[in-house]
Structure formats: structure tokens, C-alpha cells
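Each remark here refers to the structure printed beneath this line.
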Amino acid sequence: MKGGGGGGVYSGKRRWRGLVIAVLGLVFLSMLVPLLFLLGLHNGFHSPGSEQQSSPSIGLGGYGTKIIIRDASNLSEGDRSNHVDDLVKQFAPTLSKDILKNISHPAENETKSPSAMHDNEEKKGFSVTPHDDLQSLPIENNPKAGASVQIIDYAKGGVDQSGKSCELKFGSYCLWREQHREDMKDSMVKRLKDNLFVARAYYPSIAKLPSQDKLSREMRQNIQEVERVLSESTTDADLPPQIGKKLQRMQAAIARAKSFHVDCNNVDKKLRQIYDLTEDEANFHMRQSVFLYQLVVQTMPKSLHCLSMRLTVEYFRSTFDDTEASLADKYIDRALQHYVIFSTNVLASSVVINSTVMHAKESGKLVFHVLTDEENYFAMKLWFFRNTYKEATIQVLNMERLDLNNQKLQFSLPVEFRVSRSIDAQSRTEYLSTFSHLHYRLPEIFQNLEKVVVLDDDVVVQQDLSALWNLNMEGKVNAAVQFCSVKLSLLKSYLGENSFNKNSCAWMSGLNVIDLVKWRELDLTETYQKFVKEVSTQEAQNEAVALHASLRTFQDLIYPLDGSWALSGLGHDYNVDVYPIRNAAVLHYNGKMKPWLELGIPKYKGYWKNFVNRDDQFLTDCNWNS
């Protein structure tokens, strides 16, 4: 019995040991399987889409663009070289092509199927992923997620997928830039820069190879030589005679470097650094170009400044009879046709008057009141004293010397607002001009008059305007051409939500018939000042105050003129048809590209220059004709 009992105990212990061994084996296998996956031994069991899912994503630049790069750890030596070549082609930055050019066009950004995206990734090594962070674009709502992100060439008028374009950010600069784009010059300098970027990317990896000391020294020498040449030359004409051979030597060294096994991460990192630096440089030059454009359009040309200064000096040198007293009766004669022009530009106001008089049936009935500031007052006085315009009468008023109820006036010109909008994936920029603060003192300035026609100094008159004086305004105060391409609903950020009819059209200054009698009855000056105070308490910008107060003051008081009376857009739109131009009574050069500026649109300048007195000695002395 003892023997039998001892055999049972021994058998139980053996079974227990076997169970322990089995448990330990399972534990070991459970640890071994994850270890095998961590060591990458599962690569033989890839699913078709696993490569894309495991690819690392790297954010580049400030555009929110995300680029997927293939894992190069499992590529053969030849595949690694091809992979690096693809990266070099995609990231080698040149200002003329890769940075200042649309990287992705709308037609290329259409939604693709997953299989197509995967195939594209296999071929090119990267793909653009959906992203919805486009804070750099000046729009109310960012594009929805799922739309491909693109780097937009705003300078060329590039358009993103939501239809937003360069014009939304920079306005008419983009139109001007597209019209004046020049062909690429200095191609050799650009080729040197491109190859220098690639050589710098490969050099750190080649320098780490002990067996390639000779190639490393050759690449370093090529890089130093090209850097020295580029530091002394900015154009092809400045390059030394033997630069072609130096470029060939660098290209040969780069080709040899590509044939060796290199660390892709180092090359990628270097190219990424170069890309970021060049992108920053391109953005800097873009903003600098926009700033210089704005500076040019807001600065008086040298010839016009010379004209104003010469006229002012000559005014104090000359002695001439003052005819103000003899013309005083005409200035307040209600039977005559009175035109009011706000201007600080001698030549521009002269063109307005000359074009109006030349097309008038009875020039003797025309009286022009030119309102200007103290700086340009004496130049204006002498110019209109020296130049006569048939039988028309011209009065020049210094608004800063005029006292109205013991109040000093501050001169201000009509205000222009840029309105950019997107319709059917097409961006459109318009310039809406409206009255300034000084316009609302017209009833006080001309207390004896009942009606005036207000003209901006950037218009050209092509027909007789006498019909405007027989206009039945049906109790309205301001007869103006309505600008129905800009609804007031687009200006809700300026006007508020409930202060206007959203379907109403904006109205334009430039050509306005003002009923001063009705104005005084409704006391619109007081109404305007009330709106100004109301908006000013909300800490709004001065321009927003003027727009808000002007549109609300004349709400339901605008008599719409027929569109043929005035044609606007000649100061920013390159696509105005010739037929409307020829048939319009008044051409309005609203926008940044005024006809007296070098940046003015050339095909519209002729309509304005036809009314410039080119024979005037002061214009010749100031080289305006040249």
C-alpha cells in the first residue's frame, strides 16, 4: 500500500511539473510574438494598405500642408537613390518655379479614390493630405475638411479650391502683377542656385563616408566656388566666363554622390531646411512687393509734385488782377449749372473741368467750385488763372481757411473701399467710393445754391451733362449710379445686422446730383453726425465710420441714375469692354491704378490724357510729358 501510495504521489508531481512548463512556454511565446513584431519580422505579412498607414507625416512651412513620405528603411540601394532623387526634385527650391508658382492647381486637386491616392504615392513618394487650417486666407469661414491644401501664388492671381484668390488678400495688386509679369531672366544664376541647394543637401552625408574623402573635398570646393560667384553676381551678365565648366563639375559631383548609399534622413532634413528658408524668403519678397505697390499708388508722382511746387512759387512771384470780385455773382447764381470738385491734384481737377466743358452745349452756364486744402490752394489758383476753359467760370476754395459757424474744416477726399468677393469659384474685386466727412458740409458751404453736381477728380466726362439739371428726383436727395454688384448684405460687418435692407444696392460717388433744398429740410448733416458719433463709440475704424454713416444717412434717399451715366472700374479692372466705355457719359477711374500714375492701366489712359494741356510750360519743365 505504501508502495502504491508513493507511486501516485510521484505521478502527480510529474503532471504538475508538465503543467508548469506548459504555462511558462505560453508566457514565453506571448512575450516573443510582440518582440518579433517590434523587430520588424512581420514585414512579410504586409497588407496592401499598410505602407500608407505606417508612413510618417511631417508638417512643412506655414501653410498647414502635410506631406507623407515613404519609409525608406526597407528600400534597396538603388531604390534609396531614386527616393532621394524624388525628394530633390520636389523640394529643391527656386523662387521662379516652386515657390512663386501654384504648387497645386484646382484641376489637380479634385477628390481622388483611395486606390488612386495610393498609386500616386507609390509613384511620387508623397501626397497631399486633407487639411482645414487655412488661417492665412482672409475669409470668414475656413474651407471644410477634406479639401486638398495648396500653396497659392497670390502674386500671380492663384486661386484655392474654395474660390478665394489673391484679390481677396491684396486687391488690385494681383491684377497689376499678372499684367506685368516678365519672362524668367538670368537662368544660369537660377541653375547655379538650384545645384548649390542639392549639393548642400548631399554633402553632409558624403562627408561621413571615410572612403569618399576625395569626393567630399571636391563637393566642398564646388560649393565654395559657387557661393563666391553668387555673392558677386546677381545676373547672368555678371557671371565669369568659365562658369559653365564649374556648373558641369558640380553636376558631375552631385551625380556621383547620388550613386552612394546615403542617409535619407540627413538629406531630407537638409532639403527641408532649405525649403523653409526659401519659402520665408519668397513670402518676404511677396509682402515687400505688395508694400511697394501700395506705396506707389498712394504717393504723388514726382512730376505732379514738381508741378504743384512750381505753381506755388510762381504764384507768389507773379502779380495779376484778382477777378474774384467780378465773378462773385456767378458763384451764387442759381440759374447756372454748379459743379463741385474735391481735389488736391491740379492736373486731375483740370482734366475733369476740361472734359466737361469740351462736351457742354453751353459752356457759359458752367460754374466749377474746386475745393482743396491749403497746401495746394495757391497752385490751383495760378493754374486756373493761366488756363481758360471756354466760357466756364472756376472758383478755387481753400477749405482749411473757410469758417462755418466758427468751426475750422479739415479737408478730406472721397473715400474708397475695396470689396473682394468670390462668385462661382471666381474672385472679384470692386472699389466702392463714397462721400467723405467734408461732403456733408455742402449745404453750409453753398448756402445760396439749390442744386449741385458733385464730381470726383478721377472722372472723365464724355457727354453733355446738362440733362442732369432737369432731372426729376422724386423727392430724393442724392441721384447716383447704384452699384448692384455690391449688395449691402456684403457690408454687414460695417453696417450691422439690422440697420439696413440687405437686398439694397450700394451707391457710388463720382457723379452725384445733390438736392440741397431737400437736404436742408431733412437736416441730413445732423443725421450723418449722429451716425458718426454712434459708430465712433463702438471703436470702429475711421473708414468704417465713414462708410457706415454715409450708407445709413442716404438710406431710401437715393435716386438711381441709369447705368449709362457713369461707368466705373477703370482704375482696377483690366476687362472693361470698349463699347460701354464709348457710350458712357462719365468714366470713373475708381481703384488704385489712377490714370496719372505709372501703374495706371495703359489702355484706359488715353481717355484721360486727351484732356491734358500738354503744351503748358510747367508740364514741360516738370517732364510730365516724358
Side-chain angles (χ1 to χ4, degrees), residues 296-297 299-324 326-327 330 339-360 363-364 366-399 411 413 455-462 465 570-571 586-589 593-626:
V296 170
V297 298
T299 304
M300 179 178 290
K302 183 178 179 180
S303 58
L304 293 184
H305 179 72
C306 166
L307 176 63
S308 181
M309 293 299 100
R310 291 287 301 273
L311 288 169
T312 301
V313 172
E314 188 64 25
Y315 176 87
F316 290 101
R317 286 180 179 176
S318 304
T319 56
F320 50 88
D321 297 331
D322 192 356
T323 59
E324 292 290 328
S326 61
L327 298 175
K330 282 192 171 184
Y339 295 85
V340 179
I341 302 171
F342 293 80
S343 180
T344 57
N345 189 324
V346 176
L347 205 57
S349 56
S350 172
V351 168
V352 176
I353 295 174
N354 193 24
S355 62
T356 305
V357 171
M358 293 297 293
H359 294 96
S363 62
L366 306 186
V367 180
F368 294 90
H369 306 272
V370 181
L371 279 55
T372 188
D373 59 2
E374 189 167 11
E375 179 182 347
N376 296 279
Y377 171 71
F378 301 104
M380 291 274 194
K381 287 281 289 184
L382 182 60
W383 177 270
F384 291 114
F385 177 80
R386 288 167 48 89
N387 295 275
T388 58
Y389 301 86
K390 292 188 176 181
E391 299 175 2
T393 303
I394 301 173
Q395 179 189 25
V396 180
L397 292 175
N398 181 359
M399 300 310 298
F411 185 78
L413 293 170
L455 299 173
D456 287 357
D457 66 352
D458 57 353
V459 304
V460 171
V461 178
Q462 298 190 123
L465 301 181
L570 276 69
V586 175
L587 302 179
H588 191 188
Y589 290 81
M593 292 176 274
K594 303 298 185 184
W596 54 83
L597 297 176
E598 185 179 351
L599 296 181
I601 301 177
K603 63 181 180 179
Y604 307 144
K605 280 186 175 182
Y607 301 101
W608 186 84
K609 287 186 175 181
N610 287 336
F611 300 99
V612 176
N613 183 11
R614 300 170 182 265
D615 298 330
D616 188 89
Q617 185 60 39
F618 285 103
L619 289 179
T620 302
D621 293 342
C622 291
N623 296 321
W624 186 87
N625 293 319
S626 61

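Just so you know, these numbers come straight off a predicted model, no measurement behind them.
Closest approach of Ser303 and Trp624 over heavy atoms only: OG-CD1, 3.3 Å. Between Ser355 and Val461, the shortest heavy-atom distance links the atoms OG-N, 3.1 Å. Here the shortest heavy-atom pairing between Lys330 and Thr393 reads CD-OG1, 3.3 Å. Between Ser363 and Lys390, the shortest heavy-atom contact is OG-CB, 3.5 Å. Summarising the geometry of Tyr389 relative to Phe384, their closest heavy-atom pair is CE1-CD2, 3.6 Å, with the distance given to 0.1 Å.
The shortest distance between side-chain heavy atoms of Leu597 and Met593 does not fall below 4.5 Å. Contact of the Val296 side chain with the Glu598 side chain is not registered, since no non-hydrogen atoms from C-beta on lie closer than 4.5 Å. The shortest distance between side-chain heavy atoms of Val460 and Tyr604 does not fall below 4.5 Å. Trp596 has its side chain within reach of Asn345: a pair of non-hydrogen atoms, C-beta onward, lies under 4.5 Å apart.
Checking Asn387 against Asn613 by side-chain atom types alone, a donor-acceptor pair falls below 3.5 Å.
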Quick one: side chains of residues 366-374, donor-acceptor pairs under 3.5 Å with protein atoms, not counting sequence neighbours, listed by atom name and distance.
residue	atom	partner	partner atom	Å
His369	ND1	Gln395	OE1	2.6
His369	NE2	His338	ND1	2.9
Thr372	OG1	Ser343	O	2.9
Asp373	OD1	Asn376	N	3.2
Asp373	OD1	Asn376	ND2	2.9
Glu374	OE2	Arg401	NE	2.9
Glu374	OE2	Arg401	NH2	2.8

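Within 6.0 Å of CZ on Arg614 lie more than 12 heavy atoms contributed by other residues, nucleotides or ligands. Other residues, nucleotides and ligands contribute only 12 or fewer heavy atoms inside 6.0 Å of the NZ atom of Lys302.
Here CZ of Phe611 is found 9.0 Å from OG1 of Thr356. Values are rounded to the nearest 0.5 Å. Annotation: the span from Thr344 atom OG1 to Glu375 atom CD amounts to 8.0 Å, rounded to 0.5 Å. The line from CZ of Phe342 to CG of Leu455 is 11.0 Å long, rounded to the nearest 0.5 Å. Thr312 contributes atom OG1, which lies 11.5 Å from atom CZ of Arg310 (distance to the nearest 0.5 angstrom). Here the CG atom belonging to Leu570 is positioned 13.0 Å from the NZ atom belonging to Lys605, to the nearest 0.5 angstrom. To the nearest 0.5 Å, atoms SG (Cys622) and CG (Asp616) are separated by 9.5 Å.
The backbone N or O of Val346 sits less than 3.5 Å from a side-chain atom of Ser349, completing a donor-acceptor pair. With hydrogens and angles disregarded, no donor-acceptor distance shorter than 3.5 Å links the side chain of Asp457 to the backbone of Ala348. Using a distance-only test at 3.5 Å, with no hydrogens or angles considered, no donor-acceptor pair links the side chain of Lys594 to the main chain of Val297.
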>> Does Gln462 form a side chain to side chain contact (heavy atoms under 4.5 Å, CB included) with Tyr607? I'd like the steps, not just the answer.
In response: CA-CA 9 Å; Gln462 298 190 123; Tyr607 301 101; 3.9 Å; yes

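If you run ring pair (Phe, Tyr, Trp, His ring centres under 6.0 Å) between Tyr315 and each of Phe618, Phe385, Trp383, Phe378, only Phe378 comes through.
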